[in-house]
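These notes concern the structure reproduced below.
Throughout, a chain's letter reflects where its sequence line sits, starting with A, and its residues are numbered from 1.
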Number of protein chains: 2
Amino acid sequence: MTGIREIAIEAGVSPATVSRVIRNPELVSKERRQRVQAVIDRTGYTPNSLGVSLRKAKTNRLVAIIPDAISAFNYPVIRAMESIALENGYSLLLGDTQEMETRERSFAAMVSSRQADGILLFCPRLPFDVEPSIPLANQLPPMVNACELVPVNGLPQVNIDNRAAARDGVEYLLSLGHTRIGVIAGNLKSPSTKDRLAGYKDALRQAGLAIDEQCIDVGDYGLEKSEQATRRLMKQPQPPTAIFAFSDEMAMACIATLCKSGYRVPDDISVLGFDNISYANYCNPSLTTIAQPMSDIGRVCMELLLPQLRGEPMVAQNIVLDHTLIIRESTGPVKT
Amino acid sequence: MTGIREIAIEAGVSPATVSRVIRNPELVSKERRQRVQAVIDRTGYTPNSLGVSLRKAKTNRLVAIIPDAISAFNYPVIRAMESIALENGYSLLLGDTQEMETRERSFAAMVSSRQADGILLFCPRLPFDVEPSIPLANQLPPMVNACELVPVNGLPQVNIDNRAAARDGVEYLLSLGHTRIGVIAGNLKSPSTKDRLAGYKDALRQAGLAIDEQCIDVGDYGLEKSEQATRRLMKQPQPPTAIFAFSDEMAMACIATLCKSGYRVPDDISVLGFDNISYANYCNPSLTTIAQPMSDIGRVCMELLLPQLRGEPMVAQNIVLDHTLIIRESTGPVKT
DNA sequence: GTGAAAGCGCTAACAA
DNA sequence: TTGTTAGCGCTTTCAC
């Protein structure tokens, strides 16, 4: 493994000059620059980034801490982040925590142990112990929180208004004449689920309808659990005429389950999803859903992170992006 | 950011002793060990891994080079890899190349630049320039190749027999009485697609059927392209009675398109997928498909990589794992 | 069992 | 413009 010293000797210059040719070529005379460059090209030399990072105390790496696997929902978010990261000289490490707090913390510790410069946090809790008496901004590394928000002040956060989004979705179902609307919720501990649930109840209350807890079931953002939830919802004496699943994936599983049981969607029962993942337009029937602006979320996160990486202080702010109701084939008027 | 020197001073020992307490506690007397440990605990000191890696010339990081995004297919593969990596003290960096060779090479260069110790390669070409006269094993870093195989000898490779798998799938369709079988192929440049195409032709030939190139279209492993391919296939004067999509995602898009056009699946037309992604059982109708053993692929890759990381030489081998035909609802007897 | 010292590969301050 | 030097934080001989 050839190092900068070998290149320097080979080219008959000092290591410093080689370093300059790589980092600041304009500081080196043309003659020497070409000589050094020739050796670099010939040997295929690449600087050992460990040395660079150690010296510069900077890794140019970010870590995304993701609770629940890389899903059809968060992949576009991550992809947008990664592309902006790349443009700015950063690479993005994906840390899948599989919902384990130890893993959240272990990925976050990459910053303390100088394996990464900043954090994109998709989990609803801080992966650090903080001193409540000190402002958050002074204790945390460069960091942005997205989608599942930490209930704390001081962090830059990016999200949609899940409550309003769910309300909009339910109001749409109400406008189709549905009054008995089932819910397949996500993980009840997740802030996004809580907000969507609140929005669901808002809309029903506003319409003067009672909230029947029997109509609320949990799918935990999983396919099988959504299937089970669907079966339970339909087994009620008075089954819902519409089901609102808190993710498109759960909506797909819900529809599949309904069809297996002989229901027709949307003729017999309507299904509303959430997220607008790429499959939403390619399942059968295609999904009516509440779209999240996935790439915008990713982009905005990076826009909040980059200044911090440049050394600017963390600024408490909560960016709320717009959602959109996308009407496709899985919803229709209530069956009369 | 406190370093080993501060800890040493605080505990009244040398940096070397602090290092030993962390790496080889048994070399340090109990008394000093406890004293040092107390300081570490109190300060929350974490060794700067840059220093460690630089010194040890080892990063404990692997990079997975993935051509086509993190899909429902390769996510389980990656997850299996990651979990084994973790057990062995490695973390896994995901490098999404978006099919760009420059990105493949840039991720691979992380090994040369000592940002990673080994490579899990999902792309069908080497991300390094090699000297044909020298054995591959002597020129490459620790590396395993999976799914899309580099057409070269000397590399440890893991895959299924795509040709046989496709043949099995087509034979099943033939057994249902289908004789006009459309194909929605993946990326024609990808070895997996080529192999599956060969298997498709094998099966037809063996059944004494002519191969009609009109029946072969390309979906490029994408949803929209699969939709377009489906439309083209069905627009033929004599449309197929069954369609074999080379991924489940394309099969889903195919089914959605067929249903929109008024066909019933499988009554009017059968659809066969490939991969057995988690959605396969949760779309409507559920997918008959050829299952790849995703987590086994990931596990076996790591089993081939770990010895190399320990310093053992790269061994040329091609591990072929079993595929399985999974019959669900999207296929049925030909309409008479 | 412990510490001093060297050095992993690199860059930046300084001197020439 | 270039080279010398010091040192980023750590581990590991080597000598005690």
Side-chain angles (χ1 to χ4, degrees), chain A residues 1-37 39-40 43-61 89 109-117 141 311, chain B residues 1-37 39-40 43-61 89 109-117 141 311:
Chain A
M1 200 61 56
T2 128
I4 202 171
R5 164 161 265 116
E6 283 72 24
I7 304 296
I9 294 171
E10 189 87 2
V13 299
S14 73
T17 298
V18 177
S19 174
R20 286 189 196 104
V21 168
I22 294 165
R23 308 286 158 203
N24 304 95
E26 69 282 4
L27 298 181
V28 181
S29 70
K30 190 174 178 190
E31 185 264 330
R32 285 171 114 80
R33 198 193 319 152
Q34 290 176 337
R35 190 141 45 90
V36 171
Q37 193 58 56
V39 179
I40 291 176
T43 55
Y45 166 74
T46 328
N48 178 328
S49 69
L50 252 27
V52 179
S53 295
L54 180 60
R55 177 63 225 225
K56 294 198 170 176
K58 190 158 191 287
T59 61
N60 287 303
R61 191 172 303 128
M110 296 182 70
V111 178
S112 334
S113 65
R114 295 304 173 80
Q115 307 203 68
D117 299 333
Chain B
M1 202 60 59
T2 129
I4 202 170
R5 165 162 264 118
E6 283 72 23
I7 304 295
I9 293 171
E10 189 87 2
V13 300
S14 74
T17 299
V18 177
S19 174
R20 287 191 194 103
V21 169
I22 294 165
R23 307 289 159 205
N24 304 94
E26 68 282 5
L27 298 181
V28 181
S29 71
K30 192 176 177 190
E31 186 264 330
R32 285 169 115 81
R33 198 193 318 151
Q34 291 176 337
R35 189 141 46 93
V36 171
Q37 192 58 55
V39 178
I40 291 177
T43 55
Y45 166 73
T46 329
N48 179 327
S49 70
L50 252 28
V52 179
S53 295
L54 179 59
R55 178 62 224 228
K56 293 196 169 174
K58 190 158 192 281
T59 62
N60 286 302
R61 191 171 304 127
M110 295 183 72
V111 177
S112 332
S113 65
R114 295 304 174 82
Q115 308 202 69
D117 299 332

Seminar exercise, completed: Sorted by position of nearest nucleotide on DNA chain C, 5' first, the leading residue of B:Pro15 and B:Gly51 is B:Pro15
Are any non-hydrogen side-chain atoms of [X] and [Y] less than 4.5 angstrom apart?
| X | Y | value |
| --- | --- | --- |
| A:Glu10 | A:Thr43 | no |
| A:Arg35 | A:Val13 | yes |
| A:Gln37 | A:Ile40 | yes |
| B:Asp117 | B:Lys58 | yes |
| B:Thr17 | B:Val28 | yes |
| B:Arg61 | A:Arg61 | yes |
| B:Pro47 | B:Arg23 | yes |

Give each protein N/O atom lying under 3.5 Å from an N/O atom of nucleotides 13-16 of chain C, with the pair distance.
| residue | atom | partner | partner atom | Å |
| --- | --- | --- | --- | --- |
| C:dA13 | N6 | A:Arg20 | NH2 | 3.4 |

Exercise. Can any side-chain N or O of B:Ser53 pair as donor or acceptor with the backbone N or O of B:Ser49 at less than 3.5 Å?
Worked result: yes
Exercise. Any sub-3.5 Å donor-acceptor pair from A:Gln34's side-chain atoms to A:Glu31's backbone N or O?
Worked result: no
Under-4.0 Å side-chain N/O to phosphate OP1/OP2 contact, [X] with [N]:
| X | N | value |
| --- | --- | --- |
| B:Arg32 | C:dG3 | yes |
| A:Thr17 | D:dG3 | yes |
| A:Ser14 | D:dT4 | no |
| A:Arg5 | C:dG9 | no |
| A:Ser29 | D:dT2 | yes |
| A:Tyr45 | C:dC10 | yes |

[X] [atom1] to [N] [atom2]: how many Å, rounded?
| X | N | atom1 | atom2 | value |
| --- | --- | --- | --- | --- |
| A:Gln115 | D:dG9 | CD | C1' | 14 Å |
| B:Leu27 | D:dC14 | CG | P | 16 Å |
| B:Ile4 | D:dT12 | CD1 | P | 11 Å |
| A:Glu31 | D:dT1 | CD | P | 13 Å |
| B:Arg33 | C:dG3 | CZ | P | 15 Å |
| B:Glu26 | C:dG1 | CD | C1' | 12 Å |
| B:Ile7 | C:dG3 | CD1 | C1' | 18 Å |
| A:Asn48 | D:dC8 | CG | P | 18 Å |

Exercise. Of all the choices, C:dG3, D:dC8, D:dT12, which nucleotide is nearest to the side chain of A:Leu54 once you look at every atom?
Worked result: D:dC8
Problem set entry | Watson-Crick and G-U pairing of DNA chain C written in dot-bracket, each distance under 3.5 angstrom, with | for inter-strand partners | ||||||||||||||||
Exercise. Between B:Asn24 and A:Val28, who's closer to the 5' end of DNA chain D by nearest nucleotide?
Worked result: A:Val28
Exercise. When we call it a touch if two heavy atoms are under 4.0 Å apart, what does A:Leu50 touch: a base, just sugar-phosphate, or nothing?
Worked result: nothing
Exercise. If you measure only the distance, is there a donor-acceptor pair under 3.5 Å linking the side chains of B:Ser113 and A:Asn48?
Worked result: no
